[in-house]
Amino acid sequence: MNKKVIIEKDNEIAYDYLVNNFAGSGIKFKLKKSYSFIFFDIDLGDSQLESFLKHTAKAIILWGKYNAITSAFTGVELGYANVACLAALLYFDIEGELEQVLKVIGGKDTISVEGTLNFKLDDLRDSWEELKSIGEVLVYNESEQDIYNVTNFLMSNRSGDKSLFLAQYPDILLANVSDGVMVENIKLYKNDDFNLINTIVAECPTELIIEKNQIKNPLYDCLSNIIKIRML
């Protein structure tokens with residue numbers, strides 16, 4: 001089964017996400033590049049269609065939603081609290097959003113990441129503007145605790161029975177300690193601490209298990225405001 005995904009050449013979020021997750025899922029693809037676009041030529045096995053569609057849908061959401069929300073933070077130097085809140089906004093209602101995008105791209109042989117969002121998903125873009133407004137209210141808030149309170153509220157409807165074990169930071173993050181399943185680590189920032197915060201908020205676990213002295217105090221303080229930490 002052949003599919004094609006098209007993204008704009010400067011869309012690093014979607015590109016990195018698709019390359020990493022297609023490869024991780026065993027989905028075969030070839031890349032072609034023009035002056036303005038990157039083309040993924042996909043060769044799917046019979047059992048890979050669902051995985052392909054979910055990865056593509058999530059790439060559309062992460063790219064569009066991240067850019068919409070972060071526009072509220074333009075010109076502001078991000079700190080740990082703001083990154084945690086930004087992540088909570090990014091993953092708020094993401095399961096429902098995935099369902100919406102899958103309905104749009106499900107029967108398509110060629111999927112344009114930017115075109116799908118800009119011309120087929122007006123409701124999603126409108127809802128992201130509402131989330132952006134929350135960021136605009138918080139961005140100049142002098143109280144970090146207020147920001148963490150909003151972060152915890154946004155995460156409260158996604159809590160599940162999951163423990164994460166952090167090993168060899170910043171390289172490895174394991175989920176579901178009993179199963180040893182690797183957590184999807186989406187790299188949105190050049191700062192490893194920020195990516196770790198984003199990953200933990202995305203997973204919304206009940207606890208994080210770390211080894212003593214593995215992370216710096218400012219990062220520890222941030223994480224302890226959004227998740228229970230158990231020290232080994």
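Small disclaimer: the values here were computed from a predicted structure and weren't measured.
Of the possible polar contacts, none joining the Asn198 side chain to the Leu188 backbone as a donor-acceptor pair under 3.5 Å is found. Side-chain N or O atoms of Ser51 include none that pairs as donor or acceptor with a backbone N or O of Gln48 at under 3.5 Å.
Remark: of the listed residues Phe37, Phe40, Phe39, Phe39 is the sole one forming a side chain to side chain contact (heavy atoms under 4.5 Å, CB included) with Lys32. The side chain to side chain contact (heavy atoms under 4.5 Å, CB included) test with Leu166 is passed by exactly one of Ile229, Leu223, Ile210: Ile210. When each of Leu53, Leu102, Ile94 is paired with Lys58, the side chain to side chain contact (heavy atoms under 4.5 Å, CB included) condition holds for Ile94 and for no other.
Of all heavy-atom pairs spanning Lys9 and Tyr35, the tightest one is CD-O, 3.4 Å. Leu44 and Ile42 make their closest contact through CD2-CG2, 3.5 Å (heavy atoms, listed as atom of the first residue, atom of the second, distance). Closest approach of Leu208 to Ile227, counting heavy atoms only: N-CG1, 4.0 Å. Asn2 and Asp109 get closest at one heavy-atom pair: O-OD1, 4.3 Å. Between Thr199 and Ile186, the shortest heavy-atom contact is OG1-N, 4.1 Å. Residues Glu114 and Ile6 share a closest heavy-atom pair of OE1-O, 3.8 Å.
When side chains are defined from C-beta on, Asn225 does not count as touching Thr151, because their heavy atoms never get closer than 4.5 Å. Between Leu196 and Pro170, every side-chain heavy-atom pair lies at or beyond the 4.5 Å cut-off.
The side chain to side chain donor-acceptor pair (under 3.5 Å) test applied to Lys54 returns Glu50, not counting sequence neighbours. In this structure Asp122 satisfies the salt bridge (charged side-chain N to carboxylate O under 4.0 Å, His left out) test together with Arg125, sequence neighbours excluded. Residues passing the side chain to side chain donor-acceptor pair (under 3.5 Å) test with Ser163, sequence neighbours excluded: Glu207. Residues passing the side chain to side chain donor-acceptor pair (under 3.5 Å) test with Lys120, sequence neighbours excluded: none. The side chain to side chain contact (heavy atoms under 4.5 Å, CB included) search around Gln100 returns Asp123, Leu124, not counting sequence neighbours. By the side chain to side chain contact (heavy atoms under 4.5 Å, CB included) test, Glu211 pairs with Phe165, Gln214, Leu232, sequence neighbours left out. With sequence neighbours excluded, the residues that form a side chain to side chain donor-acceptor pair (under 3.5 Å) with Lys4 are Asp41. Scanning for side chain to side chain contact (heavy atoms under 4.5 Å, CB included) contacts around Asn149 gives Gln145, Asp146, with sequence neighbours left out.
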Acceptor/donor pairs from residues 76-87 side chains to any protein atom, 3.5 angstrom cut, sequence neighbours excluded:
from	atom 1	to	atom 2	distance (Å)
Tyr80	OH	Asp193	OD2	2.6

Side-chain donor-acceptor pairs of residues 17-25 under 3.5 Å, sequence neighbours excluded:
from	atom 1	to	atom 2	distance (Å)
Tyr17	OH	Glu184	OE2	2.9
Asn20	ND2	Asp16	O	3.1
Asn21	ND2	Tyr17	O	2.8
Ser25	OG	Asn21	O	2.9
Ser25	OG	His55	NE2	2.8

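Atom-to-atom distance recorded for Leu154:CG and Ile226:CD1 is 11.5 Å, nearest 0.5 angstrom. Atom OG1 of Thr56 sits about 10.5 Å away from atom CD1 of Ile7, to the nearest 0.5 Å. Put simply, CG on Asn152 and CD1 on Ile147 are 12.0 Å apart, with the number rounded to the nearest 0.5 Å.
Sorted by first and then second residue, the salt bridge (Lys or Arg N to Asp or Glu O under 4.0 Å) pairs involving residues 59-74 (not counting sequence neighbours) are Lys65-Glu97. For residues 84-129, the set of pairs meeting the ring-ring contact (aromatic ring centres under 6.0 Å, His included) definition, not counting sequence neighbours, is empty.
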